Amino acid sequence: MNCYKCGCELSGHDFCTSCGADVSLYKKIIYISNRFFNDGLEKANVRDLTGAIASLRQSLKFNKNNVEARNLLGLVYFETGEVVAALSEWVISKNMRPKKNIADDYISMIQTNPTRLDTINQTIKKYNQALTYCHQDSLDLAVIQLKKVLSLNPRFIRAHQLLALLYINGEEWEKAKRELTKCMQIDSNNTMTLRYLREVDEMLLPEEGMKSGGKKKSRSNEVMKYQSGNETIIQPANVREGKGVGSLLNLGIGLVIGIAIAMFLILPARIQTEKAGINDELRNVSEQSDAKSATIDELEQQLSSVREENETLQQDLQAYMGKDGNLEYYDLLTKAADAYLTDSSDVMTVADYLEEIDVTRQEEQIEISESYEKLYNTLLALIGPTLGDSYYDTAYEQYTHVNHQEAIPNFEKAFKYDASNGDALYYLADAYRSVGRTEDAKEAYRQVIELFPGTLKATKSITYLEELENASQ
């Protein structure tokens with residue numbers, strides 16, 4: 001036991017030997033909490049779970065940091081089917097003692113099993129739905145839901161008790177007693193279970209609880225009663241032999257009593273038995289109908305999912321097979337590679353195939369593989385310098401003949417295929433400037449300055465760029 005003030009271990013004295021705090025009352029509180037914990041443990045060992053819960057709660061009232069009591073309370077809750085309450089206690093316990101706490105194993109046992117978690121959720125939902133049916137006076141549906149709950153969690157005491165109460169309401173005493181017996185096997189001292197069981201026993205054996213405390217009846221009036229299923233049999237305990245009118249009178253009385261028993265006891269019991277059988281059949285049919293409805297809903301969801309997947313696949317197939325689909329691009333690239341391998345000097349043919357590939361659409365709408373992009377760049381690098389020189393020669397001849405508008409696209413291609421050709425970029429900028437494309441000229445001059453610094457082209461580009469910027473102000 002540690003001091004509540006400084007945390008040091010306490011001795012047998014009524015004060016802390018470290019900080020001097022008075023711990024006499026604190027020790028009493030801890031002792032009382034441990035006493036209630038031991039009492040709860042003893043009750044749990046004999047399956048008196050209700051008493052164990054009460055004792056463990058008292059223990060936590062005196063010492064909320066009693067981790068052992070909190071863990072045991074969670075186990076008792078779990079045993080009674082109250083999984084949510086059990087998890088709450090274990091989570092609190094884990095926060096109080098993060099290390100070397102068995103509550104961590106309990107939580108992991110539940111949370112690491114998705115099937116068990118789903119079962120717990122379904123149990124809670126179905127139990128709440130059963131309560132809703134009870135409030136709506138749909139008792140048959142409530143019984144069906146509770147049976148489903150108990151199939152998922154057979155130790156859920158509250159579900160057993162509610163199902164027994166519904167059986168009591170329907171005067172199905174045997175079924176009610178079976179459910180209450182299951183409750184007693186789980187929790188032997190549950191107050192509500194004992195109260196329901198007493199009422200059921202009184203209906204099944206009405207003479208059992210009666211004691212001989214009144215006036216003595218004469219032996220001639222004594223009768224013996226016993227229960228056979230739902231039927232109460234009344235039999236004279238002592239039959240005297242009589243003669244004459246007395247014997248006939250007794251015979252008549254017996255006949256009347258027999259007819260009365262048949263009319264008022266046996267026949268209603270038979271009718272009740274038949275009704276119970278019919279109700280069982282109706283419930284079975286309802287359960288089968290619910291199962292079929294759930295199966296139909298599941299199949300409809302699967303069909304909808306398959307349809308959506310089919311539409312997606314159709315769209316993907318259309319994208320691959322369309323005019324500008326992936327197959328079209330792969331075909332063009334294959335033809336370009338084949339042309340280069342056949343005659344590496346025929347760069348113009350390879351260039352024609354590459355120029356047919358719409359790079360902009362490819363980047364925005366068509367997903368290409370890494371190998372496709374690598375092959376494309378490889379071909380571009382192989383034919384680039386030669387193709388760039390060809391376009392540059394054509395463009396320069398046009399430029400020298402002052403055909404600047406015609407020279408622009410050839411200069412653009414020359415620089416595209418050979419990015420090291422600074423002259424192509426410089427003359428492209430100059431051609432832009434001469435035809436009035438000022439913004440394009442500025443951008444081209446900036447690229448010359450950035451890509452080819454320290455050259456004569458860069459120096460001239462700086463001068464022309466300043467003139468264009470001054471003219472635009």
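Keep in mind it's a predicted model, so treat the numbers as computed, not measured.
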Worksheet item: Is any side-chain heavy atom of Glu174 closer than 4.5 Å to a side-chain heavy atom of Leu204?
Response: yes
Without placing hydrogens or testing angles, list every side-chain donor-acceptor pair under 3.5 Å for residues 50-64, not counting sequence neighbours.
residue: Thr50; atom: OG1; partner: Asp187; partner atom: OD2; Å: 2.3
residue: Thr50; atom: OG1; partner: Asn190; partner atom: ND2; Å: 3.3
residue: Ser55; atom: OG; partner: Asp39; partner atom: OD2; Å: 2.6
residue: Ser55; atom: OG; partner: Lys43; partner atom: NZ; Å: 3.4
residue: Ser55; atom: OG; partner: Gly51; partner atom: O; Å: 3.2
residue: Arg57; atom: NE; partner: Tyr77; partner atom: OH; Å: 3.1
residue: Arg57; atom: NH2; partner: Tyr77; partner atom: OH; Å: 2.6
residue: Ser59; atom: OG; partner: Ser33; partner atom: O; Å: 2.8
residue: Ser59; atom: OG; partner: Ser33; partner atom: OG; Å: 3.0
residue: Ser59; atom: OG; partner: Asn66; partner atom: ND2; Å: 3.3
residue: Asn63; atom: OD1; partner: Asn65; partner atom: N; Å: 3.1

Item to complete: Using a 4.5 Å cut-off on heavy atoms from C-beta on, say whether the side chain of Glu79 contacts that of Arg47.
Response: yes
Discussion item. Does Gln161 form a side-chain contact (heavy atoms from CB on, under 4.5 Å) with Glu179? I'd like the steps, not just the answer.
Written reply: CA-CA 7 Å; Gln161 290 173 340; Glu179 296 300 326; over 6 Å; no
Discussion item. Working to the nearest 0.5 angstrom, can you tell me the gap between Ser293 OG and Gln288 CD?
Written reply: 11.5 Å
Worksheet item: With no hydrogens and no angle check, is any side-chain donor or acceptor of Thr112 less than 3.5 Å from a backbone partner on Ser108?
Response: yes
Item to complete: State whether the side chain of Thr123 and the backbone N or O of Thr119 hold a donor-acceptor pair below 3.5 Å, judged by distance alone.
Response: yes
Discussion item. Less than 4.0 angstrom from a charged side-chain N to a carboxylate O is my criterion; do Lys148 and Glu287 meet it?
Written reply: no
Worksheet entry | Electrostatic pair Arg97-Glu68, nearest N-O below 4.0 angstrom | yes
Worksheet item: Quick one: CG on Leu163 to CZ on Arg178, what's the gap to the nearest 0.5 Å?
Response: 10.0 Å
Fill in: Any Asp290 side-chain heavy atom under 4.5 Å of Ser286 side chain
yes
Practice prompt. With rounding to the nearest 0.5 Å, note down the distance linking CG in Leu180 to CZ in Arg195.
Written response: 11.5 Å
Worksheet item: Is there a donor-acceptor pair closer than 3.5 Å between any side-chain N or O of His160 and the backbone N or O of Thr181?
Response: no
Fill in: Minimum side-chain heavy-atom gap Leu146-Leu162 below 4.5 Å
yes
Worksheet item: Would Asp201 and Lys177 pass as an ion pair if we require N to O under 4.0 Å?
Response: yes
Response to the item:
Closest heavy-atom pair, Ala142 versus Cys134, reported as atoms and distance to 0.1 Å, is CB-SG, 3.7 Å
Fill in: Any donor-acceptor N/O pair, Asn284 side chain to Asp280 backbone, under 3.5 Å
yes
Worksheet item: Taking side chain as C-beta onward, heavy atoms only, is Ile110 less than 4.5 Å from Phe78?
Response: yes
Discussion item. Please check: side-chain N/O of Thr132 versus main-chain N/O of Asn128, any donor-acceptor pairing under 3.5 Å?
Written reply: yes
Worksheet item: For Ser93 and Asn101, does a side-chain donor sit closer than 3.5 Å to a side-chain acceptor?
Response: yes
Worksheet item: Does any N or O in the side chain of Trp90 come within less than 3.5 Å of the main-chain N or O of Asn71, such that one atom is a donor and the other an acceptor?
Response: yes
Item to complete: Given side-chain contact (heavy atoms from CB on, under 4.5 Å), test Arg70 with Val67 step by step and report yes or no.
Response: CA-CA 5 Å; Arg70 198 173 292 279; Val67 174; 5.6 Å; no
Worksheet item: Leu141 versus Gln145: any side-chain heavy-atom pair under 4.5 Å?
Response: no
Item to complete: State the CD1-CZ distance between Ile30 and Arg35, to the nearest 0.5 angstrom.
Response: 15.5 Å
Discussion item. Looking at every non-hydrogen atom in both residues, tell me the closest pair between Gln122 and Leu152 and how far apart they are.
Written reply: CB-CD1, 3.9 Å
Worksheet entry | Candidate pair Leu139 and Asp137, rule side-chain contact (heavy atoms from CB on, under 4.5 Å), full reasoning | CA-CA 6 Å; Leu139 303 186; Asp137 204 23; 4.0 Å; yes
Worksheet entry | Shortest non-hydrogen contact between Val149 and Ala159, atoms and distance | CG1-CB, 3.9 Å
Discussion item. Could you check whether any side-chain heavy atom of Leu194 comes within less than 4.5 Å of a side-chain heavy atom of Met184, counting everything from C-beta outward?
Written reply: yes
Discussion item. Using side-chain contact (heavy atoms from CB on, under 4.5 Å), reason through Glu82 and Arg158 one step at a time and then give a plain yes or no.
Written reply: CA-CA 9 Å; Glu82 302 288 345; Arg158 283 195 295 169; 2.6 Å; yes
Worksheet entry | Heavy-atom pair with the smallest gap, counting every atom of Ile186 and Pro154 | CD1-O, 4.0 Å
Practice prompt. Hey, could you give me the CG/CG distance between Asn34 and Leu41, rounded to the nearest 0.5 Å?
Written response: 12.0 Å
Worksheet, complete the sentence: One should read off an interatomic distance between Tyr106 OH and Leu87 CG, to the nearest 0.5 angstrom, of 12.5 Å
Worksheet item: Take atom CD in Glu450; do more than 12 heavy atoms of anything else shown fall under 6.0 Å from it?
Response: no
Worksheet item: Less than 4.5 Å apart, any side-chain heavy atom of Arg198 and any of Glu202?
Response: yes
